[in-house]
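Data block below; observations after.
Computed over heavy atoms, backbone and side chain alike; hydrogens, waters and symmetry mates excluded. Position 1 is the first residue of the sequence; numbering continues from there.
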Amino acid sequence: MAHFPVNHPARPLYRVLSGLIGLYILVFGVYGVFQTWGEGLFARNSNWALGLRTNLAFSLVSVIFGAVLIVGASRRNNLGHYMNLTAGAVFLVTGILMMSVLQTSANFLNFSMSTVIVSLLFGLILLATGLYDKVGPPEHAEEERRRRYHPVAESPNP
């Protein structure tokens, strides 16, 4: 069974990364709402916000998702850990699905290839931050560290 590192020393950096991604998504969403207000929810116009093509639906979802990521990054418990793992998977799956329907009428979020690339990049970064920002009691982290550096001494004899 795989183990997530507990109390990783770079955990604050990972929280900042996920917070910056959340902030970008929130600002993108707010700016996109202002750009697309008054148009159809799933319009396929040429509206761009912060380098990404958008429509009102995608902008509204981005506002909510960005706020959720910022809340997760600001918590000092494992909520951010689980939120980053989930958000990373959501970004990766969404990027791949939207790339597969990019040139069809099923592109209801008005993605472009640049939006797909950013979605996949954010997904990978959030997945990585989710892997290393698990919080636990110091005793648990010390036990894991000791087991990691002395695997032979801890293994049971056959």
Side-chain angles (χ1 to χ4, degrees), residues 2-102 106-142 144-145:
H3 295 279
F4 294 117
V6 178
N7 298 340
H8 193 275
R11 191 176 65 244
L13 172 66
Y14 297 131
R15 279 203 184 123
V16 167
L17 280 175
S18 63
L20 287 175
I21 289 173
L23 181 65
Y24 175 84
I25 294 169
L26 179 67
V27 170
F28 162 77
V30 169
Y31 185 63
V33 166
F34 285 120
Q35 288 284 108
T36 60
W37 194 257
E39 297 178 4
L41 192 61
F42 298 106
R44 301 269 320 262
N45 300 335
S46 182
N47 292 317
W48 293 80
L50 300 181
L52 304 175
R53 198 164 69 183
T54 188
N55 60 15
L56 186 58
F58 185 41
S59 296
L60 291 171
V61 168
S62 295
V63 168
I64 295 167
F65 213 74
V68 166
L69 282 175
I70 290 172
V71 167
S74 67
R75 301 291 178 211
R76 293 186 178 257
N77 54 18
N78 283 328
L79 177 67
H81 165 71
Y82 295 115
M83 288 174 72
N84 287 338
L85 287 175
T86 304
V90 166
F91 269 99
L92 289 173
V93 168
T94 302
I96 291 170
L97 288 177
M98 294 311 287
M99 184 172 53
S100 67
V101 298
L102 204 57
N107 185 4
F108 61 92
L109 292 178
N110 204 21
F111 268 43
S112 65
M113 195 60 202
S114 60
T115 315
V116 169
I117 291 169
V118 168
S119 179
L120 294 175
L121 182 66
F122 283 177
L124 289 173
I125 292 171
L126 287 170
L127 195 58
T129 61
L131 292 174
Y132 290 99
D133 66 350
K134 188 172 183 181
V135 180
E139 302 84 33
H140 183 75
E142 183 58 37
E144 183 177 323
R145 220 175 280 117

Residues at least two apart in sequence or cross-chain that pass side chain to side chain contact (heavy atoms under 4.5 Å, CB included) with T129, listed by chain then number, are Y14, L17, S18, N84, I125, L126
By side chain to side chain donor-acceptor pair (under 3.5 Å), N55 pairs with (sequence neighbours left out) none
Sequence neighbours excluded, the answer for side chain to side chain donor-acceptor pair (under 3.5 Å) partners of N107 is none
For L131, the side chain to side chain contact (heavy atoms under 4.5 Å, CB included) test, sequence neighbours excluded, returns F4, L85
dist L41:CG -> L109:CG (nearest 0.5 Å) comes out at 9.5 Å
Interatomic distance, CG@L97 vs CZ@F111, rounded to 0.5 Å, equals 9.5 Å
Taken in chain and number order and not counting sequence neighbours, the residues that satisfy side chain to side chain contact (heavy atoms under 4.5 Å, CB included) with R11 are N7, R15, D133, V135
One should read off an interatomic distance between N110 CG and L56 CG, to the nearest 0.5 angstrom, of 11.5 Å
Residues at least two apart in sequence or cross-chain that pass side chain to side chain donor-acceptor pair (under 3.5 Å) with S112, listed by chain then number, are S114, T115
For A89, the side chain to side chain contact (heavy atoms under 4.5 Å, CB included) test, sequence neighbours excluded, returns none
For S59, the side chain to side chain donor-acceptor pair (under 3.5 Å) test, sequence neighbours excluded, returns T54
By ring pair (Phe, Tyr, Trp, His ring centres under 6.0 Å), F122 pairs with (sequence neighbours left out) Y24
Contacts satisfying side chain to side chain donor-acceptor pair (under 3.5 Å) that involve residues 36-49 (not counting sequence neighbours) are E39-N45, E39-N47, S46-W48
CG (L52) and CZ (F28) are apart, to the nearest 0.5 Å, by 5.0 Å
Tell me whether the rings of F65 and F91 are parallel (<30°), tilted (30 to 60°) or perpendicular (>60°).
perpendicular
To the nearest 0.5 Å, atom CE of M98 lies from atom CG of L120 at 12.0 Å
Worksheet entry | Any donor-acceptor N/O pair, T86 side chain to M83 backbone, under 3.5 Å | no
Practice task
Could you tell me whether the side chain of L26 reaches within less than 4.5 Å of the side chain of L69, counting heavy atoms only?
Solution key: no
